[in-house]
Peer 1: 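Got a structure for you, questions after.
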Amino acid sequence: MPIPRFISSAFHGCADIEGFDALAELALDLRSSWNHATDRIWRTLNPEHWELTHNPWVVLQTVSRQTLERLLASPDFRQEVEDLLQARRHASVLPSWFQNTYSHEALGTVAYFCMEFMLSEALPIYSGGLGNVAGDQLKAASDMGVPLIGIGLLYQQGYFRQFIDQYGRQQALFPYNDPGQLPIVPLRFADGEWVRIKVELPAYSVWLRAWEAQVGRVKLYLLDSNDAANVPVHRGITSDLYGGGHELRLQQEILLGIGGWRLLMALDIEPEICHLNEGHAAFAVLERAAQFMHTYALPFDAALDITRAGNLFTTHTAVAAGFDRFEPSLIRQYLTTYAEQTLGIPVESLLAMGRQTPEDPHEPFTTAYLAIRGSGAVNGVSRLHARVSRHLFAPLFPRWPIHEVPIGHVTNGIHMPSWDSVSADELWTNVCGHDRWHGAAEGIGEPIRQVPLARLWQLRLAASTTLVEYIRERLSRQLAASGSPHHAIEGAKRIFDPGTLTLGFARRFAEYKRPNLLLHDPERLFRLLNDSERPVQLVIAGKAHPADLTGQAMIQAWLRFIQHPDAVDRVVFLSDYDMQVAEQLVQGIDVWINTPRRPWEASGTSGMKVLVNGGLNLSVLDGWWAEAFSPEVGWAIGDGLEHENYAAWDAAEARDLYARLEREIIPEFYDRDESGIPCAWVSRMRESMATLTTQYSTNRSLREYVEKYYLSAATSLRHRVAECQCGAYQHGIRQDRPVLDVRRWAGVHFGASSAYTRDRQIRFEVEVYLGDIAVDAAQVELYAEGVASSEPEIIPMQCLRQLANAANGYVYQGVVETTRPKTDYTARVIPHHYGRAIPLENQNIVWQR
Ligand SMILES: *Cc1c(COP(=O)(O)O)cnc(C)c1O
């Protein structure tokens with residue numbers, strides 16, 4: 001679709017020039033952040049602005065009318081633009097992995113909600129890892145043709161920007177994001193009217209303006225509250241990402257969840273899947289149910305029971321303290337009217353959905369609990385994180401064995417084309433083909449094993465040179481800007497050596513990531529850096545949240561360390577870690593270090609970004625590395641366990657970190673053959689590239705989301721909607737629906753039982769009294785804990801006969817082939833509902849003992 005003239009003309013005085021619309025269409029497509037075909041155009045238009053901003057839309061707006069007229073008058077330039085435009089339009093309709101694998105009817109629209117999206121440094125509405133996962137998911141959906149739409153907020157300031165002053169302190173800056181200069185356009189109805197959405201907050205409604213970002217063939221819709229019709233306190237709600245206190249956060253989450261769903265309705269988009277990426281958007285499940293209940297004239301609980309089948313909740317939190325929690329008074333203040341008038345339920349019922357103990361009036365409201373109670377499936381973001389999450393959410397599933405707490409996992413992946421260097425891209429294209437990132441990427445890394453070591457080493461040497469040039473340029477400017485002495489600025493222009501082993505640590509400075517673990521023994525680090533034969537250089541970057549004083553102190557500790565004469569030439573701290581800095585680092589670092597306190601790093605993604613470029617990982621066995629690590633592909637720190645005594649644990653892992661560097665990593669890097677190649681090192685690189693790159697790509701993770709969750713959620717939702725359309729919910733046939741079920745389970749109990757052992761068989765018989773529960777709404781099974789670390793045994797029991805002397809009593813029988821004693825087995829009754837996720841949708845369980 002060409003950009004309608006009224007959009008571009010709203011921002012630009014050159015919109016009338018013939019050919020401008022084609023440029024605008026290209027400039028507004030964020031595909032340019034990973035497909036670099038159009039770079040040449042922007043460089044031609046304004047090389048300086050292009051280098052500074054990497055924002056084609058800014059380039060287009062700042063170029064003079066004369067230059068534009070001159071270039072667009074040139075037939076060659078016009079042809080190039082036209083060709084790129086055709087290529088873009090062709091790419092956006094080309095059948096891709098999804099179309100080639102599934103029928104069009106298999107899946108409707110997936111609405112992907114997230115508080116932040118990291119797509120390009122030109123659109124700074126992200127903080128870190130969460131936004132990274134969200135942004136890369138949209139990009140992969142574009143490449144693979146998955147029908148997905150992103151929903152987020154447009155922040156006027158976004159996350160803070162970091163400046164390091166001359167005293168080595170972090171200053172937080174909040175530059176204004178001028179929406180006119182961001183690669184987004186106002187979202188308009190067909191008649192040109194700007195789409196605006198109304199959400200009620202206490203006393204006043206908030207008007208939200210809607211914006212659209214184009215991410216290849218995927219759209220991202222953003223909402224912001226800076227509308228002239230709003231009262232001043234509301235205009236700033238969407239100003240900062242992760243700023244302010246609880247009240248602001250609640251306001252933002254209401255706007256994202258409720259406003260986001262209303263936006264889709266206003267656009268006549270009826271998503272099938274609502275994917276909540278983290279609990280921030282949990283209120284969307286309420287609004288989705290509200291829309292449904294009004295369409296079908298149902299009570300709220302029935303509407304939620306139907307629509308939750310289409311909701312997927314991805315949790316990213318690894319500790320209970322990480323969940324968003326709100327005081328009940330705040331929820332009452334903000335959501336009483338909404339609960340009563342829109343949902344038709346008392347606000348106390350809404351509060352109960354966010355509590356571990358629903359009837360406790362003092363317990364705060366946890367959005368992650370609401371998300372669980374409003375979803376048809378839940379997943380964590382690595383295998384270990386799912387295990388941790390099962391413990392975190394276990395209180396919502398009382399009396400269920402921990403391994404049955406219904407949290408699955410999809411380990412995160414990253415969008416490789418966004419993070420590979422130009423030379424890595426060339427190598428991969430030669431070896432693995434041009435369209436390698438358009439499909440499920442299975443096995444495409446294999447041919448990398450055939451690449452000669454010398455070729456891979458050449459890639460690394462080139463990458464090191466590029467990184468060192470970047471660091472010199474950036475660091476010297478950084479020092480000049482903070483008023484550093486002349487000799488320091490000049491020193492920065494010559495710092496580092498492309499032939500030296502380069503270590504990198506870049507991430508948010510949060511305490512659990514232990515960004516100063518390397519500083520544990522400064523003397524040992526000095527020695528390691530300054531070895532005359534085998535020196536090491538180290539790049540550090542990262543921001544600490546403005547309210548996190550511990551994190552800021554850790555930044556200061558690094559900056560003080562760097563002042564030391566033995567560190568000043570060997571260690572740099574690059575300020576304002578953002579997507580662009582990350583890109584440069586992951587492309588040129590030799591060893592990427594990650595030191596979280598297990599199990600706090602739910603997944604971690606930055607280490608995945610070095611894979612495609614031939615960087616290696618040295619990391620604590622946490623998050624993704626706990627499942628990716630093997631000795632052939634990198635190095636592990638620690639023992640892969642959790643520990644209580646932080647001080648002793650930190651000390652032990654710091655020693656392990658130094659020892660790995662001293663004994664394994666540094667020697668391997670400097671152990672060269674006669675042609676100067678570190679063969680063991682490059683073989684390890686090759687193994688890491690070949691086995692891990694595809695496994696930790698979004699191609700794999702998005703495919704898993706489609707195949708493990710989206711397709712089955714769509715089927716389940718359709719089934720429930722069809723039941724509803726037949727009137728099942730309205731006429732009481734679905735009276736057994738789980739939400740109504742809870743109290744009736746009180747009457748379920750066991751009677752006499754017996755067990756006969758013959759040979760290797762045990763035959764169990766047990767009397768079960770189901771009380772108010774229909775016999776086909778219950779399932780009786782035998783359960784035995786797993787031995788050693790194996791899975792538990794669960795054996796369904798059959799109903800043999802009804803008991804003559806009881807209203808709803810039965811004898812159940814189960815036969816087990818086993819050598820285990822019969823006392824290992826216990827009978828239990830759990831709910832049974834067609835197509836329902838148990839225990840996610842119904843937590844009842846009654847044990848024999
Ligand atoms: C990849 C990335 C992150 C996330 O890194 P983690 O290792 O998951 O902490 C954060 N910020 C930026 C700018 C990134 O590029």
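Bear in mind the structure is a predicted one, so any value in this text is a computation, not a measurement. All ligand and atom numbering here is 1-based and tracks the order in the structure.
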Peer 1: Report yes or no: is the cationic atom of R700 (NZ for Lys, CZ for Arg) closer than 6.0 Å to the six-membered ring centre of Y696, at no more than 45° off its axis?
Peer 2: yes
Peer 1: Strictly under 6.0 Å, is that where the ring centroids of Y112 and Y705 end up?
Peer 2: no
Peer 1: Answer yes or no on whether R507 is positioned over the face of Y577, meaning its NZ or CZ is under 6.0 Å from the six-membered ring centre and within 45° of the axis.
Peer 2: no
Peer 1: Could you walk me through whether W57 and D29 pass the side chain to side chain contact (heavy atoms under 4.5 Å, CB included) test, one step at a time?
Peer 2: CA-CA 9 Å; W57 190 230; D29 188 350; over 6 Å; no
Peer 1: What atoms of ligand 1 come within less than 4.0 Å of a heavy atom belonging to D578?
Peer 2: 13 (C)
Peer 1: Please identify which atoms of ligand 1 are closer than 4.0 Å to at least one heavy atom of G604.
Peer 2: 8 (O)
Peer 1: Name the option, out of G542, G131, G128, that contains the heavy atom nearest to atom 10 (C) of ligand 1.
Peer 2: G128
Peer 1: Looking only at protein heavy atoms, which one is nearest to atom 5 (O) of ligand 1, and what is the separation?
Peer 2: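 The closest one turns out to be S606 CB, 3.5 Å.
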Peer 1: Please check: side-chain N/O of D590 versus main-chain N/O of T502, any donor-acceptor pairing under 3.5 Å?
Peer 2: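 Yes: the side chain of D590 pairs with the backbone of T502.
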Peer 1: Which residue and non-hydrogen atom of the protein lie closest to atom 8 (O) of ligand 1, and at what distance in Å?
Peer 2: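 Here the closest protein heavy atom is T605 N, 2.9 Å.
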Peer 1: Just need the protein heavy atom nearest to atom 9 (O) of ligand 1, so name the residue and atom and give the distance.
Peer 2: K513 NZ, 2.7 Å
Peer 1: Any carboxylate oxygen within less than 4.0 angstrom of a Lys/Arg side-chain nitrogen, looking at D143 and K139?
Peer 2: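 Judged by the 4.0 Å cut-off on N to carboxylate O distance, D143 and K139 do not form a salt bridge.
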Peer 1: Determine whether a donor-acceptor pair (N or O, by modelled atom type, separation under 3.5 Å) exists between the side chain of K219 and the backbone of I151.
Peer 2: no
Peer 1: For M118, is the nearest heavy atom under 4.0 Å from an atom of ligand 1?
Peer 2: yes
Peer 1: Which bit of A582 gets closer than 4.0 Å to ligand 1, counting heavy atoms only: side chain, backbone, both or neither?
Peer 2: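 The side chain, only.
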Peer 1: Below 4.0 Å, non-hydrogen atoms only: which portion of R508 touches ligand 1? Side chain, backbone, both or neither.
Peer 2: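 The answer is neither; R508 stays 4.0 Å or more away.
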Peer 1: Under 4.0 Å, heavy-atom basis, I'd like to know which part of N132 is in contact with ligand 1: side chain, backbone, both or neither.
Peer 2: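 The part of N132 near ligand 1 is the side chain, not the backbone.
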Peer 1: Any heavy atom of K609 closer to ligand 1 than 4.0 angstrom?
Peer 2: yes
Peer 1: Among all the protein's non-hydrogen atoms, which is closest to atom 11 (N) of ligand 1, and how far away is it?
Peer 2: Y577 CE2, 3.5 Å
Peer 1: Could you tell me whether M579 approaches ligand 1 through its side chain, its backbone, both or neither, with non-hydrogen atoms closer than 4.0 Å?
Peer 2: backbone
Peer 1: I'd like to know whether ligand 1 has W419 as a neighbour, heavy-atom separation below 4.0 Å.
Peer 2: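 W419: in contact with ligand 1 (<4.0 Å).
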Peer 1: Flag the pair W635 / W681 as yes when their ring centroid distance falls below 6.0 Å, and as no otherwise.
Peer 2: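 Centroid distance W635-W681: below 6.0 Å, so yes.
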Peer 1: Tell me if the aromatic rings of H415 and W419 count as close, with their centers under 6.0 Å from one another.
Peer 2: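 They do not qualify: ring centres at least 6.0 Å apart.
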Peer 1: Establish, for the pair K543 and F160, whether the NZ or CZ atom is under 6.0 angstrom from the six-membered ring centre and no further than 45 degrees off its axis.
Peer 2: yes
Peer 1: Using a plain distance cutoff, I'd like to know if E601 has any nitrogen or oxygen under 3.5 Å from a nitrogen or oxygen of ligand 1.
Peer 2: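 No, no N or O pair falls under 3.5 Å.
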